[in-house]
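Heads up: the structure comes next, in structure tokens.
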Amino acid sequence: MSEFDLIRRYFTRSAPGAVLGVGDDAALLRVGEGMELAVSSDMLVSGTHFFPDAEPESLGHKTLAVNLSDLAAMGAVPRWATLALSLPSVDDAWLEKFSRGFFALASQYAVDLVGGDTTRGPLNLSVTIMGEVPPGRALRRDGARQNDDIWVSGTLGDAALALAHLQGHIVLEQQVFAASSARLHKPCPRVELGLALRGIASSAIDVSDGLLADLGHILERSQTGAEIRFEALPGSPELHACASPSLVQRCMLAGGDDYELCFTASPGQRARIEEISAQLALPLTRIGMITGGRGCTVYENGQVMQIKELGYEHFAR
Ligand code: ADP
Ligand code: MG
């Protein structure tokens with residue numbers, strides 16, 4: 001199959017939200033009147049972000065999900081994506097499943113795939129996602145203020161629990177593994193939450209590298225500090241039942257790949273945030289507060305916790 005047949009067969013769909021989609025030298029997009037364009041890229045590399053034999057349909061989902069998560073964390077409405085693929089060979093069964101997973105999630109959010117690039121090489125999946133946000137309404141990392149509450153959506157650490165099993169550090173029961181590996185392989189981007197938090201959250205980030213690492217980015221950009229209560233962190237019953245205390249700590253504070261949102265808001269917004277939680281049927285948990293200091297201190301029952309691992313960092317060590 002030629003490169004062009006491959007693109008036509010697996011990656012060309014109608015793009016009702018674009019002026020011109022796949023097939024020309026560039027796509028043509030029209031941003032809504034007076035809107036700002038939010039743009040973000042995320043690359044998934046075989047052997048680094050996923051196992052080489054990863055199930056292709058989930059991989060297609062995750063390739064787009066991690067990008068949607070970035071726009072969710074900006075409070076932007078996702079509209080368009082491009083996909084740059086490098087593939088070791090043309091494997092029809094693999095491409096069929098990969099594209100199915102990708103487009104299933106794309107259509108859920110009315111995101112049009114409007115272009116990309118396809119080459120031969122080590123398996124590498126790179127998406128650029130584009131979305132819209134009204135001027136001045138994006139959820140940025142630099143807006144956290146002293147005394148703001150710190151919130152997190154959903155539960156933390158499930159993806160890292162599945163990874164610990166896959167890496168042979170622990171052995172999970174079948175059912176527990178199924179639940180946690182769904183979090184790892186088919187993350188659910190919190191797009192609706194990001195949109196609901198416009199005008200409410202003072203800052204936001206998605207948790208892709210671990211809570212402390214990602215909250216650290218908010219603190220750095222906002223030039224503030226934070227205090228977190230470890231016992232307040234939302235963990236799934238599976239995590240608490242299956243992992244040792246030290247593994248629970250590592251999964252929740254430093255485990256990546258959860259794709260929950262961590263955000264800050266003034267205490268005056270608590271009631272509104274509880275309403276959003278109920279509307280979205282998504283737990284939103286207050287885990288601490290922003291301080292005038294620097295860095296993040298984690299308390300467990302009032303005592304300062306000693307943290308060894310901050311989170312995933314590609315160039316560490
Ligand atoms: P060019 O050689 O001008 O870069 P290509 O042959 O790479 O063009 O791509 C042809 C068309 O197919 C372009 O519109 C490009 O955006 C699109 N395209 C290529 N690869 C992909 C892909 N993996 N997914 C979606 N569109 C793609
Ligand atoms: Mg090209």
Side-chain angles (χ1 to χ4, degrees), residues 1-32 35-72 74 76-133 185-189 191 206 208 257 259 314:
M1 191 189 316
S2 78
E3 175 194 334
F4 305 104
D5 290 335
L6 184 160
I7 296 165
R8 201 173 310 125
R9 182 172 311 175
Y10 298 109
F11 298 109
T12 306
R13 301 281 170 96
S14 71
V19 179
L20 187 63
V22 168
D24 213 308
D25 295 312
L28 298 173
L29 310 175
R30 189 178 297 128
V31 183
M35 292 292 225
E36 285 176 356
L37 185 64
V39 182
S40 177
S41 296
D42 237 329
M43 178 160 59
L44 298 188
V45 177
S46 177
T48 301
H49 299 95
F50 59 89
F51 295 99
D53 61 350
E55 201 286 299
E57 189 167 346
S58 311
L59 196 56
H61 172 102
K62 186 164 178 172
T63 301
L64 183 59
V66 300
N67 281 274
L68 286 170
S69 178
D70 281 319
L71 286 199
M74 290 305 283
V77 176
R79 298 276 325 263
W80 310 283
T82 61
L83 170 64
L85 273 177
S86 122
L87 301 167
S89 62
V90 176
D91 176 341
D92 281 293
W94 191 95
L95 281 162
E96 161 63 30
K97 291 188 187 121
F98 176 85
S99 59
R100 196 190 310 150
F102 185 96
F103 282 114
L105 186 60
S107 62
Q108 191 183 326
Y109 286 103
V111 168
D112 291 329
L113 183 66
V114 295
D117 201 14
T118 307
T119 63
R120 187 186 293 274
L123 183 57
N124 190 323
L125 312 161
S126 180
V127 166
T128 294
I129 193 148
M130 288 155 276
E132 294 177 327
V133 61
H185 296 307
K186 291 198 93 179
C188 185
V191 175
D206 64 323
S208 57
D257 267 355
Y259 299 100
H314 285 279

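Just follow the structure's listing: the first ligand is 1, and inside any ligand the first atom is 1.
- Every N/O-N/O distance between F11 and ligand 1 stays at or above 3.5 Å.
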Go through the steps to decide whether F98 and F11 satisfy the test side-chain contact (heavy atoms from CB on, under 4.5 Å), and finish with yes or no. CA-CA 10 Å; F98 176 85; F11 298 109; 4.0 Å; yes
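- Checking side-chain atoms of D42 against main-chain N and O of N67 turns up no donor-acceptor pair under 3.5 Å.
- Within the 4.0 Å heavy-atom shell around ligand 1 one finds F4.
- Against a heavy-atom cut-off of under 4.0 Å, G115 is close to the following atoms of ligand 1: 16 (O), 24 (N), 25 (C), 26 (N), 27 (C).
- Atom CG in D257 sits 10.5 Å away from atom CG in D206 (nearest 0.5 Å).
- Applying the 4.0 Å criterion to heavy atoms of D25 picks out, from ligand 1, the atoms 3 (O).
- Of the N or O atoms in G23, one or more lie within a sub-3.5 Å distance of an N or O in ligand 1.
- Under a 4.0 Å criterion applied to the non-hydrogen atoms of T118, ligand 1 contributes the atoms 19 (C), 20 (N), 21 (C), 22 (C), 23 (N).
- Here atom 7 (O) of ligand 1 lies nearest to D117 when heavy atoms of V114, T12, D117 are compared.
- Of the possible donor and acceptor atoms, one in the side chain of S2 sits under 3.5 Å from a partner among the backbone N and O of F4.
- Looking at T128, its side chain never comes within 3.5 Å of a backbone N or O of S41 through a donor-acceptor pair.
- Of the possible polar contacts, one joining the R120 side chain to the P88 backbone as a donor-acceptor pair under 3.5 Å is found.
- The closest heavy-atom contact to atom 9 (O) of ligand 1, among the options T82, I7, V22, L95, comes from I7.
- Short contacts between ligand 1 and E3, defined as distances under 4.0 Å to a heavy atom of the residue, involve ligand atoms 6 (O), 7 (O).
- In terms of N/O distances under 3.5 Å, ligand 1 is not approached by L85.
- Checking side-chain atoms of D112 against main-chain N and O of G17 turns up a donor-acceptor pair under 3.5 Å.
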